[in-house]
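I have placed the structure first, in the form of structure tokens, so that the comments after it can refer back to it.
Here the structure is a predicted model, which is why all the values come from computation and not from measurement. In what follows, chains are A, B, ... by sequence order, proteins preceding strands, each numbered from 1.
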Amino acid sequence: MTQLIRTRVAPSPTGYPHVGTAFQALLNWVYAHKHQGQFVLRIEDTDQKRAVEGAEQVIYQALSWLEIEPDESPKHLGDYGPYRQSERLKIYQQYAQQLIDQDQAYYCFCSPTRLAKMRKQQQQADQPPKYDRHCCGLSKTEVARRLKNGEKAVIRMKIPNDQQIIVNDLLRGKVEFDSNIVDDQVILKSDGFPTYHLAVVVDDHLMKITHMLRGEEWLSSAPKHVLLYQYFGWSVPVMIHSPTLRNPDKSKLSKRKGNTSLWWYRKQGYLKEALLNFLALLVWKPHEDQEVFTKEEMVKNFAWSQLNFKAPVFDVAKLQWLNGLYLRKKSLSALVKEVRAWAEWVVAQDDQAAAKQVLVWLNKQPSLFKKALGLAQQRLKLLKEIPELLGFYFAPELDYDQADLLQKHSVKEMIQALTIIKQRLAKLDPWTAESWEQTIRDYADELGWKHRDLFMALRSAVTAERFTPPLFAVMQVLGRTKSLQRLEQASQFLQAVVS
RNA sequence: GGCCCCAUCGUCUAGCGGUCUAGGACAUCGCCCUCUCACGGCGAAAACCGGGGUUCGAGUCCCCGUGGGGUCACCA
């Protein structure tokens, strides 16, 4: 019988959804699904100082938005709960005690002050900072006495001297560490909470995780984890340290230098498909030259051997390109739905005026909105561009720019031109793109104007914008009546200028 | 600084000893299409970090440098 693959992602609830978490989650999810395995979400809330209200909800929302749902989590109960580390304290304490009994861990009563002082001295002496094992030799009776006195204590794991510790990383192969440089790590804090190191080993084992995929930043603490597995007599799961995402300046992706919040991307109007595709592309390519794929295709083709382990720069320009691509691929009605969902979400998050405006348009003039969006679709890179791109269709009055309206001609000339054009277009029958365009070109010739100038003037008159979809298409969406009204408005605007 | 990881165009990569005068994508620039913007099409510029080996032959294997990154907490 083959082993059931179980993977996990274990974010700590910090209050906002990190793209790095999404990235890890995606990889874990994909691998689990590839093998009909299970993907677990575990909440690593062992740091009480950093606890943030509602942060856990945000994690669910993020995964659920991306449609990488866990099979087990505090919300999706499975057989290996609880899935919140703060609810597993007894378990960690019990295992820490086991290590004490096995003489592979010891109580430490050193104060933070002493530890800080010690580190400072070590650094000044050019030594690597490391716990000096001050409390390692304490007798059992002494420990019992001080514990009984209510002294604050932590539990540290004992690291053996002069030993090679081998971390077997699936991507990088065997990585060797000298045990002498490994610190006697605290595994249980004085508040009774475990540190990451104990918790990750205990939980991964108890939850039957077969493949532990995590960020590269954990590689240097991996020997501690290997040792803990040995102490407990457990077999080590397959370890994979995936590359960390980087800022454009190549440092680890951070809030200050890039945008690490998934919600930032969502607000901008990146689609989940684009984001997922992009994240995958950063480290993985299915076939030569195939860059656009769904997560289902990724599941189908996934193999660790194709995973790159060079830490990639998070290149927003490429993400944008992908986003535009996915935006264009959508059917118009699907796009409308997408826009509504986006706007509703942004309003709920931020109460943002522009997004509210979009909802108003969508509700009051759905048909106009849809047509207008259709014209904007191939120009769209981000959903947040919509309010600006579609504004002129809905505006009761346009904010004209005189220079754009005139295009090098005089006010008088332009008023005249607008009037004539208006008349001719009003009479035009049939109202087709061809007849329409011919009318304008003919008139430009009559005047001896450049066709371009007349088109641009009309564009400005109808939209008060410089960049729009082709004029005729815009007028068609706007409707003949409204289009002609706008020509009239523009001409009135110019009248006001002269008088 | 110690330890660890990594190293092909600006960015993401193809390349798994000869087919590499190094291929693709994004970004950049130019041209075409064209009423503007976009889409689309065509094209240009742009890289094997350096030095030693191994080999008939090295972008591809080994070593040493160099560079970048990570990590050295009662944070994860």
Side-chain angles (χ1 to χ4, degrees), chain A residues 10-14 44-47 49-50 85 108 110-112 115-116 119 123 126-131 152-156 167 169 171-172 175-178 180-183 185-197 199-200 214-223 241 243-244 246 248-252 278 281-285 287-292 305 308-322 324 328 375-381 389 404 437 440-441 444 450-460 463 465-472:
Chain A
S12 51
T14 55
E44 308 229 326
D45 55 347
T46 56
D47 188 359
K49 281 174 297 222
R50 295 208 305 183
Q85 290 186 328
C108 168
C110 292
S111 69
L115 293 174
R119 272 186 211 110
Q123 275 166 355
D126 259 350
Q127 287 164 349
K130 204 180 147 190
Y131 181 60
K152 287 249 176 206
V154 301
I155 296 179
R156 290 178 184 274
V167 173
D169 181 275
L171 299 179
R172 297 158 222 267
V175 183
E176 293 186 12
F177 293 86
D178 178 352
N180 294 327
I181 58 110
V182 180
D183 205 359
Q185 186 63 236
V186 171
I187 55 173
L188 200 75
K189 304 183 227 177
S190 58
D191 61 4
F193 277 67
T195 58
Y196 170 82
H197 309 284
V200 73
R214 67 211 317 190
E216 188 179 26
E217 66 268 29
W218 291 110
L219 188 53
S220 36
S221 47
H241 292 91
T244 46
R246 302 209 237 179
D249 73 354
K250 310 259 175 130
S251 57
K252 183 166 133 182
F278 174 71
L281 209 47
L282 246 21
V283 291
W284 184 76
K285 243 193 205 179
H287 304 293
E288 205 176 326
D289 293 351
Q290 190 191 355
E291 297 206 295
V292 182
S305 59
N308 294 307
F309 35 95
K310 176 185 159 191
V313 170
F314 194 95
D315 180 13
V316 185
K318 188 139 188 176
L319 210 207
Q320 259 201 26
W321 166 74
L322 265 174
R328 267 172 264 136
L375 291 185
Q377 186 167 10
Q378 67 174 200
R379 288 149 243 265
L380 219 48
K381 283 204 292 288
L389 243 34
D404 287 346
E437 185 170 346
I440 292 168
R441 289 193 190 278
K450 279 191 194 161
H451 293 190
R452 182 183 191 277
D453 284 352
L454 188 55
F455 276 112
M456 285 307 282
L458 290 178
R459 180 185 322 284
S460 182
T463 69
E465 296 283 344
R466 281 186 196 153
F467 313 123
T468 75
L471 236 197
F472 180 72

Can you tell me how far [atom1] in [N] sits from the matching atom in [M], rounded to whole Å?
N     : M     : atom1 : value
B:U71 : B:A76 : P     : 14 Å
B:G50 : B:C9  : P     : 11 Å
B:U19 : B:U60 : P     : 13 Å
B:C16 : B:G59 : C1'   : 11 Å

For [X], all residues meeting side-chain contact (heavy atoms from CB on, under 4.5 Å), sequence neighbours excluded:
X        : value
A:Asp178 : A:Gln164, A:Asn180, A:Ile181
A:Thr468 : A:Phe392, A:Arg459, A:Thr463, A:Glu465, A:Val474
A:Arg466 : A:Asp404
A:Asp249 : A:Asn247, A:Ser251, A:Lys257

Could you check A:Glu216 against A:Lys252 for salt bridge (charged side-chain N to carboxylate O under 4.0 Å, His left out), going step by step and ending with a plain yes or no? CA-CA 11 Å; A:Glu216 188 179 26; A:Lys252 183 166 133 182; over 6 Å; no
Could you list the residues that satisfy side-chain hydrogen bond (donor to acceptor under 3.5 Å, both in side chains) with A:Arg379, not counting sequence neighbours? none
Please identify each residue that fulfils side-chain hydrogen bond (donor to acceptor under 3.5 Å, both in side chains) with A:Trp321, with sequence neighbours left out. none
Euclidean distance, atom CG of residue A:Asn308 to atom C1' of B:G69 [Å, nearest integer]: 16 Å
Nearest whole angstrom, please: distance from the C1' of B:U34 to the CD of A:Glu437. 10 Å
Hunt down the Watson-Crick or G-U wobble partner of [N], both distances under 3.5 Å, from any strand shown, or write none.
N     : result
B:C49 : B:G65
B:C39 : none
B:G2  : B:U71
B:A44 : B:U28

Between A:Arg466 and B:C37, does any side-chain N or O lie under 4.0 Å from OP1 or OP2? no
A:Arg452: partners by salt bridge (charged side-chain N to carboxylate O under 4.0 Å, His left out), with sequence neighbours left out: none
What's touching nucleotides 26-32 of chain B from the protein side, N or O pairs under 3.5 Å?
from	atom 1	to	atom 2	distance (Å)
B:C26	O2'	A:Lys318	N	3.4

Atom NZ of residue position A:Lys130 - does it have more than 12 heavy atoms of other residues, nucleotides or ligands inside 6.0 Å? yes
Between protein and nucleotides 58-64 of chain B, map the contacts as a letter string: B base, S sugar-phosphate only, - none, heavy atoms under 4.0 Å, written 5' to 3'. -------
